[in-house]
Amino acid sequence: SEKQEVSITFVKANGERIKAKGNVGDTILDIVVNNEIDLDGYGACEGTLTCSTCHLIFSKEVYDALPDKPTDEELDMLDLAYELTDTSRLGCQIVMTKKLDGIEVRVPSTINDARA
Ligand code: FES
């Protein structure tokens, strides 16, 4: 089966833009890890919904287009994230679809490792 490639651009708080490629079915955390993107502390719990370090901020348009609504577990963890917005999600819970190809996501300037 052919992999369907998607791209995503991470916009850091300092304005730096990092474009990365992944595949449909990857989580955004997978893409960060697979591309060895340098986001300090990102994804500390490896997607087990216990850290909130994978917090990302989406545009309203993209947020509304995300395939899955956040679970209660994700919402509980998001409550612990710094710089929380109405369009915040945890990157480890977002699975890339073809529709999300080319999106931009904002990386908050500070992260909270809720395990600490
Ligand atoms: Fe820890 Fe997403 S990587 S909650």
Side-chain angles (χ1 to χ4, degrees):
S1 70
E2 200 156 306
K3 285 188 177 169
Q4 287 203 67
E5 199 174 70
V6 288
S7 75
I8 179 169
T9 300
F10 297 89
V11 183
K12 293 173 76 168
N14 65 6
E16 186 188 346
R17 299 167 63 85
I18 304 167
K19 190 168 181 182
K21 289 192 188 311
N23 295 301
V24 167
D26 287 346
T27 66
I28 296 179
L29 174 62
D30 291 332
I31 295 175
V32 170
V33 171
N34 293 341
N35 290 279
E36 297 180 17
I37 297 175
D38 182 21
L39 299 178
D40 204 24
Y42 192 91
C45 80
E46 300 177 344
T48 57
L49 267 184
T50 55
C51 76
S52 92
T53 65
C54 62
H55 174 208
L56 294 172
I57 300 166
F58 295 83
S59 69
K60 175 90 172 94
E61 189 188 356
V62 173
Y63 182 85
D64 289 340
L66 295 174
D68 302 305
K69 299 285 165 240
T71 61
D72 288 346
E73 289 78 11
E74 180 180 347
L75 291 173
D76 285 349
M77 198 48 57
L78 269 172
D79 277 342
L80 304 174
Y82 295 150
E83 301 174 50
L84 187 65
T85 74
D86 287 343
T87 56
S88 289
R89 291 290 303 266
L90 294 180
C92 68
Q93 302 301 303
I94 308 298
V95 177
M96 291 299 287
T97 61
K98 199 66 204 165
K99 193 174 164 193
L100 297 179
D101 184 24
I103 61 169
E104 282 190 12
V105 295
R106 279 205 295 130
V107 183
S109 60
T110 51
I111 59 165
N112 182 25
D113 188 344
R115 301 169 308 163

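Remember, it's a predicted structure, so these values are computed and weren't measured experimentally. Indexing begins at 1, ligand by ligand and atom by atom, following the structure's order.
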(Q) Test of understanding: with side chain to side chain contact (heavy atoms under 4.5 Å, CB included), list the residues that count as partners of Ile111, not counting sequence neighbours. (A)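 Here the qualifying residues are Thr53.
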Q: Tell me, please, which residues at least two apart from Lys99 pass side chain to side chain contact (heavy atoms under 4.5 Å, CB included).
A: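 Applying side chain to side chain contact (heavy atoms under 4.5 Å, CB included) to Lys99 gives Ala65, Thr97.
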Q: Can you sort out the partners of Lys69 under salt bridge (charged side-chain N to carboxylate O under 4.0 Å, His left out), two or more places apart, ordered by chain and number?
A: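 For Lys69, no residue satisfies salt bridge (charged side-chain N to carboxylate O under 4.0 Å, His left out) once neighbours in sequence are set aside.
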(Q) Return all protein N, O or S atoms below 2.8 Å from atom 2 (Fe) of ligand 1, chain by chain in residue order. (A)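 Under 2.8 Å from atom 2 (Fe) of ligand 1 - ignoring waters, which are not counted - the protein N, O or S atoms are Cys54 SG, Cys92 SG.
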Q. Which heavy atom of Arg115 sits nearest a heavy atom of Thr50, and at what distance?
A.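 Looking at all heavy atoms of both residues, the closest pair is CG-O, 3.0 Å.
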Q) If two hydrophobic side chains count as joined below 4.5 Å and joins carry through other members, does Leu84 share a cluster with Leu75? A)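 Yes, one cluster joins them.
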Q) So do Asp113 and Ser52 actually touch side chain to side chain, heavy atoms under 4.5 Å? A)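 No, side chains not in contact.
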